[in-house]
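Scroll down for the structure; my scribbles are underneath it.
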Amino acid sequence: MRNELVIRDLHARVGDKEILRGVNLTLTSGEVHVIMGPNGCGKSTLAHVITGRPGYVATSGSVTLNGTELLTLEPSERVREGVFLAMQHPLEVPGVRPVDMMRAAGVTGNVESQLAEQSRRIGLRTELMERFVNVDLSGGERKRAEVVQISVLQPKFALLDEIDSGLDVDALGLVARRLHEATKEWDLGILAITHFRRLLHELTPDVIHVMSHGKIVATGGPELAEQLERDGYEPFREIE
Ligand SMILES: Nc1ncnc2c1ncn2[C@@H]1O[C@H](COP(=O)(O)OP(=O)(O)O)[C@@H](O)[C@H]1O
Ligand SMILES: [Mg+2]
């Protein structure tokens with residue numbers, strides 16, 4: 001079965017400020033979609049609203065996964081439905097180890113050995129998985145640890161918020177290749193937020209979206225990323 005994550009006319013606010021102003025987007029399993037857009041246009045907010053971070057309030061519209069409305073579910077239930085967010089700034093979770101987090105999310109079997117195996121695949125020292133989640137990990141290690149979690153959890157959809165930030169070139173290659181493999185291995189659908197085309201070389205996106213001021217203002221193929229790199233976001237600025 002192909003999975004579908006459908007975002008319809010999504011409006012959202014943070015505090016009393018409207019940030020998302022009608023986002024429409026459909027993700028299908030196995031596909032890689034990319035969102036690019038200037039600082040502050042609402043990319044991370046979109047990821048937080050989909051996954052239910054407190055303080056990020058959907059005011060209208062819907063986000064459905066295979067027809068199930070996610071917006072009324074608790075964040076942990078959304079993870080169990082199959083949506084995982086790798087955050088732009090992964091949080092430290094003192095007292096909780098990756099293995100606990102994976103079990104709470106429904107992973108069964110020998111979770112420790114799965115974490116170790118997936119760590120090895122992207123060149124992350126396996127002992128880092130024995131620490132509390134993200135505690136005493138460098139920025140780049142946190143990003144890789146998120147990819148390890150994705151590999152063990154095998155969600156239907158992964159939202160990757162600047163997964164490339166803080167990674168050196170070699171780590172970036174490993175991470176992008178691993179995520180690309182995941183689109184084949186279990187048909188993972190990806191929504192990647194990034195500013196850099198470098199991630200896209202190996203991740204090979206199907207669709208690029210440009211976000212401006214809380215809306216998707218352009219959608220196209222990989223050539224759109226090249227145009228953005230050449231001309232910047234200015235030509236896409238929404239005319240109000
Ligand atoms: N927790 C928050 N508290 C206050 N303002 C926020 C918060 N999160 C996001 N914002 C505001 O929402 C807007 C969009 O932010 P964000 O979604 O992080 O942008 P992007 O990821 O595209 O750079 C910005 O003006 C930002 O300051
Ligand atoms: Mg952001």
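Counting starts at 1 for both ligands and their atoms, in listed order.
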So which heavy atom in the protein is nearest atom 12 (O) of ligand 1, and how far is it from that ligand atom?
Ile19 CD1, 3.1 Å

So CD1 of Ile7 and CG of Leu20: to nearest 0.5 Å the spacing works out to 9.0 Å

Minimum heavy-atom separation for Ala47 and Leu159, please, with both atom names.
O-CD1, 3.9 Å

Tell me the protein heavy atom at minimum distance from atom 15 (O) of ligand 1, and give that distance in Å.
Thr45 OG1, 3.8 Å

Test your reading of the structure: does Lys43 have an N or O sitting under 3.5 Å from an N or O of ligand 1?
yes

Can you measure from CG (Leu128) to CG (Leu115) and round to the nearest 0.5 angstrom?
11.5 Å

Assign the ring pair Tyr56 / His48 to parallel, tilted or perpendicular, where the plane angle (0 to 90°) is split at 30° and 60°.
tilted

Between Leu179 and Leu172, is there a shared hydrophobic cluster once you connect ILVMFWY residues whose side-chain heavy atoms come closer than 4.5 Å?
yes

Would you give the length of the straight line joining atom CE of Met129 to atom CZ of Arg97, rounded to the nearest 0.5 angstrom?
12.5 Å

At what distance is the nearest protein heavy atom to atom 1 (N) of ligand 1, and which residue and atom is it?
Tyr56 OH, 3.2 Å

Please report the interatomic distance OG1(Thr28) to NZ(Lys156), rounded to the nearest 0.5 Å.
14.0 Å

Take atom 26 (C) of ligand 1 and look for protein heavy atoms under 4.0 Å from it; say yes if you find one, no if not.
no

Near the Mg ion (ligand 2), protein N/O/S count under 2.8 Å comes to 2

Give the numbers and elements of all ligand 1 atoms closer than 4.0 Å to a heavy atom of Gly42.
14 (C), 17 (O), 19 (O), 20 (P), 22 (O)

Name all residues meeting the side-chain hydrogen bond (donor to acceptor under 3.5 Å, both in side chains) criterion together with Gln114; count only those two or more places apart in sequence or in a different chain, and write none if there are none.
none

Can a non-hydrogen atom of Cys41 be found less than 4.0 Å from any atom of ligand 1?
yes

Write out the residue and atom name of the closest protein heavy atom to atom 7 (C) of ligand 1, then the distance separating them to 0.1 Å.
Val14 CG1, 3.5 Å

Under 4.0 Å to a heavy atom of Asn39 - the qualifying atoms of ligand 1, by number
23 (O)

Are Val217 and Ile208 linked, directly or through other ILVMFWY residues, by side chains that come within less than 4.5 angstrom of each other?
yes

Got a second to check how far Asn3's CG is from Leu27's CG, nearest 0.5 Å?
11.0 Å

Ligand 1 contact on Lys17 by region, counting heavy-atom pairs under 4.0 Å
side chain

Nearest-0.5 Å distance that lies between atom CZ in Arg121 and atom CZ in Arg144:
15.0 Å

Atom 18 (O) of ligand 1: nearest protein contact (heavy atom, Å):
Ser44 CB, 3.6 Å

Under 3.5 Å, is there a donor-acceptor pair between the side chain of Arg13 and the main chain of Val57?
no

Heavy atom of the protein closest to atom 23 (O) of ligand 1 (residue, atom name, distance)
Gly40 N, 2.7 Å

